[in-house]
Structure formats: structure tokens, C-alpha cells
Amino acid sequence: MTSDSNDAERRNLLPYILLGFTNLFWSLNFIIGKLVSGVMPPVTISFFRWLLPAAVFLTLNWGSVKNNIELIKKNIPLLIGLGLSGYAINSICVYEAVSFTSTINTSFINAFNPVLIALAGYLMYRYPISRKQALGFFLSLIGVVTIIFKGRLLSILSLQVNIGDLFMLGSICFWAIHTVLYKQKATAMPARVIFTAMMCSGVILTLPLVIIENSLIGLSWIQRIEPSHILGILALNIFPSVLAYSFWNRALAHVSANEVAISQYLIPVFTTLISVSLLGERLQMFHLFGGGLIFLGVFLVTTVRTGNKKSQRIVS
């Protein structure tokens, strides 16, 4: 085999390797969030997760942002919506979720994401949904309900639910809205500009919520901060934020939408392995049953369209 063919093979594999690392880094978001949320309040975690990445990307992309300032001004309402749904409320809900429920639960519920995106597309812009996709939505919904209620029918009837699971469901609902809104309204804008503007918008919108949160609960949590918590925040800045989003966008230029959706099956796999090893959490039968239904539903939803069509460059 020639060196040219070896190089070509490496280039073909690179997007899939990047997606693998992206999903691993997003798994770390649940794990680190769980560890840090024991001390820091959720809104504050979300703010500090995005503050440094926003500053980094604004610095790196300042030339593009400056050259497109009029375009940004014309799209301020859109940027507020994208920042609020994708970088503020979505992120806050994740850290609220891991404060109350297991990281395994959150990762399996997160796998419902592609199905909700298809549903949000139908509700917001009447994107067509086939019978196969409707079946996929139904199966995935049963899977999510199974995980939320831990497979117990009586819990469903009495509505005994962990609030953390509901926060995670809220998180992916907002992310679905963000994704559809981005695809419909923002893909014509330069990628560097919209990415940076969305992130900065999310940080700005989260700031008043941080002030409200800390005025209500006080600042006594600062006294409990240890070096490990600071390292945890830095890790959130680097891995599930800067690196994951950079790898994600680079991979999406070469990988189909279906392959991207299926690659997200790795998130609950990575999260479960790490949670069992480091946090002492247990993978239970309802996770396997509910997760299996979710994955089957996602497969049905995402394999309707042709797999050779490149996906839009979005971030998650």
C-alpha cells in the first residue's frame, strides 16, 4: 500500500475519531458536572463553563466578528434565542439534573435528543415526519419514560419522578429548539461569527441569572471550594466546550447527519463506564431496556433520509 493511500485512509478515519473524542468529552460534562455540583450552584457552573471559551473564541475570531458587526446587529433577536436555548438554559438544566439524578440517567435521556430534534422541526417549521419516524419517536418516548420512572409502573401511575430527570428532559428540549432554529435561520451566517456570537450571547444572558442565584442562596459555597473544583471548571472549559465543539464542527464537514446521530450512542456508553468506575453508580436493567428502546427509536428517526447528504455545521 502506498503512502498516498495510507494518508487518504487516515483522512477518511479522522472525522470518526474526532466524533469519538467529541462524545467522550460530552460524557465528561455529566461526570465533572456531577462532581462540581456538590459545591457550586448550577447556574454559576454553567456561567463559568462558558466564560473562558467565549473569551477564547471571541479573541480568535475577533476579525471575523468585527467585519460582520452589522450582520450581528440585524440578527440580535435570533442570537438571543440561540444563546438562551443552546448555551444558557440548556446548560443550566444539565447541571441542575446531575445535582439530583445519576449521570447514567442523564446520559441515556440525552440519547433521546435526535428524536426531539425531528419533532421540534415538525412543530416549528412543519418538517415532514414519516410513519417510520413517528414509530421511532413513540419507541424512544417509551424508553425515556422507562428510565425516568425506573421501570416501575406504579411510579408512573403515582407520578413519582426524580426532578433531575425532568431537568435533563428540559435540557434536550431546549437543545432541540436551538438546533432547529439554527438550521432554519442561521446557517447562512459565517460559521466563526455565529458560533462566537451564540456563545457570547449565552454568557451575557446567564450573568443576571448568576446574580439572582447567588443573592438567593448566598456565597457561603465559595468557602467550600477546593483546588479539585477549580480544576473541574477548567476541564469543563477545555474538554466539553472548546475541544468538543471544535472537533464536532470539523467532523461535520465530512460526515453525514445519520452517522453523527448514531455516533451519539457513545455518550451513554462512555458515561456509564466512567460513572461505574469513578462514581460507584450502577447500570440497572431499566437502563438497558429503556436505552435499547431509545436507540432503536433514534435509528428509525435518523435513517429515513439518505445517508450521503452532509449535515449542517451545527454545534451541540
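For Arg224, the CZ atom is densely surrounded, since the number of other residues' heavy atoms within 6.0 Å is greater than 12. With a 6.0 Å radius and a threshold of 12 heavy atoms from other residues, nucleotides or ligands, Phe270 has its CZ atom above the threshold. Few gaps surround CZ on Phe286; more than 12 heavy atoms of other groups in view lie less than 6.0 Å from it. Counting heavy-atom neighbours within 6.0 Å of Tyr125 OH, excluding the residue itself, gives a total above 12.
The distance from atom CG of Leu78 to atom CG of Leu181, rounded to the nearest 0.5 Å, is 5.5 Å. Annotation: the span from His178 atom NE2 to Ile117 atom CD1 amounts to 9.5 Å, rounded to 0.5 Å. Here CG of Asn23 is found 11.0 Å from CG of Leu28. Values are rounded to the nearest 0.5 Å. The line from CE of Met168 to CD1 of Ile148 is 10.5 Å long, rounded to the nearest 0.5 Å. Between the CG atom of Asn237 and the CG atom of Leu243 there is a distance of 11.0 Å, given to the nearest 0.5 Å. Separation of atoms CD1 (Ile172) and CD1 (Ile177) is listed at 11.5 Å; rounding is to 0.5 Å.
Within the 4.5 Å cutoff, the side chain of Ile147 has no heavy atoms near those of the Phe289 side chain. Within the 4.5 Å cutoff, the side chain of Thr101 has no heavy atoms near those of the Phe167 side chain. Between Ile89 and Cys93, the closest side-chain pair of non-hydrogen atoms falls below 4.5 Å. Residues Arg49 and Pro240 meet the side-chain proximity criterion, which asks for heavy atoms closer than 4.5 Å. No side-chain heavy atom of Phe112 sits under 4.5 Å from any side-chain heavy atom of Val298. A 4.5 Å side-chain heavy-atom check between Ser99 and Lys34 finds every atom pair outside the cut-off. Considering only heavy atoms from C-beta on, Val242 comes within 4.5 Å of Phe57 through its side chain. A 4.5 Å side-chain heavy-atom check between Tyr265 and Phe299 finds at least one atom pair inside the cut-off.
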Please tabulate, one pair per line, all N/O donor-acceptor pairs under 3.5 Å involving side-chain atoms of residues 198-208, not counting sequence neighbours.
from	atom 1	to	atom 2	distance (Å)
Ser201	OG	Leu79	O	3.0
Thr206	OG1	Gly202	O	2.6

Please tabulate, one pair per line, all N/O donor-acceptor pairs under 3.5 Å involving side-chain atoms of residues 64-75, not counting sequence neighbours.
from	atom 1	to	atom 2	distance (Å)
Asn67	ND2	Gly63	O	3.1
Asn68	ND2	Ser64	O	2.7
Asn75	ND2	Leu71	O	2.7

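Scanning all heavy atoms of the two residues, the minimum distance from Phe137 to Leu119 falls at CE1-CD2, 3.4 Å. Residues Ser275 and Ile31 approach most closely at OG-CD1, 3.2 Å, considering heavy atoms. Here the shortest heavy-atom pairing between Lys150 and Asn105 reads NZ-ND2, 4.4 Å. The nearest pair of heavy atoms linking Ser46 to Ala88 is OG-O, 4.0 Å. The heavy-atom pair separating His254 from Pro15 by the smallest distance is CB-CG, 3.7 Å. Summarising the geometry of Ile294 relative to Ser140, their closest heavy-atom pair is O-OG, 3.0 Å, with the distance given to 0.1 Å.
Trp50 and Tyr95 have their aromatic ring centers separated by at least 6.0 angstrom. Tyr122 has its ring centre no less than 6.0 Å from the ring centre of Tyr127.
Ile32 and Phe100 end up in different hydrophobic clusters when Ile, Leu, Val, Met, Phe, Trp and Tyr side chains are linked at under 4.5 Å. Residues Val269 and Phe108 fall into different hydrophobic clusters, defined by Ile, Leu, Val, Met, Phe, Trp and Tyr side chains chained together at heavy-atom separations under 4.5 Å. In the hydrophobic clustering of ILVMFWY residues, with side-chain heavy atoms under 4.5 Å counting as a link, Ile92 and Phe174 come out apart. Leu279 and Ile274 fall within the same hydrophobic cluster, defined by Ile, Leu, Val, Met, Phe, Trp and Tyr side-chain heavy atoms under 4.5 Å apart, directly or through other members. Val145 is connected to Ile104 through a chain of hydrophobic side-chain contacts under 4.5 Å among Ile, Leu, Val, Met, Phe, Trp and Tyr, so both are in one cluster.
Residues satisfying the side-chain hydrogen bond (donor to acceptor under 3.5 Å, both in side chains) test with Asn162, not counting sequence neighbours, are none.
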Item to check | Pair Asn29-Phe239, side chain to side chain contact (heavy atoms under 4.5 Å, CB included): steps then yes or no | outcome: CA-CA 8 Å; Asn29 187 37; Phe239 294 104; over 6 Å; no
Checklist entry - Taking it one step at a time, do Trp248 and Leu19 satisfy side chain to side chain contact (heavy atoms under 4.5 Å, CB included)? => result CA-CA 6 Å; Trp248 175 261; Leu19 280 178; 3.9 Å; yes
Checklist entry - Checking side-chain hydrogen bond (donor to acceptor under 3.5 Å, both in side chains) for the pair Thr179/Trp175: CA distance, chi angles, key distance, verdict? => result CA-CA 6 Å; Thr179 302; Trp175 179 252; 3.2 Å; yes
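His229 places a side-chain N or O within donor-acceptor distance of the main-chain N or O of Glu226, the cut-off being under 3.5 Å. Side-chain atoms of Ser241 come within 3.5 Å of backbone N or O of Leu236 as a donor-acceptor pair. Of the possible donor and acceptor atoms, none in the side chain of Thr196 sits under 3.5 Å from a partner among the backbone N and O of Leu58. Checked by atom type and distance alone, the side chain of Thr106 pairs as donor or acceptor with a backbone atom of Thr103 at under 3.5 Å. Although no hydrogens or angles enter the test, the distance criterion places no donor-acceptor pair under 3.5 Å between the side chain of Glu281 and the main chain of Ser102. When atom types are taken as modelled, the side chain of Thr44 and the backbone of Met40 share no donor-acceptor pair closer than 3.5 angstrom.
Side-chain atoms of Asn90 and Ser85 form no donor-acceptor pair, as typed in the model, at a separation below 3.5 Å. Under 3.5 Å, the side chains of Thr22 and Trp26 contain no donor-acceptor pair of N or O atoms.
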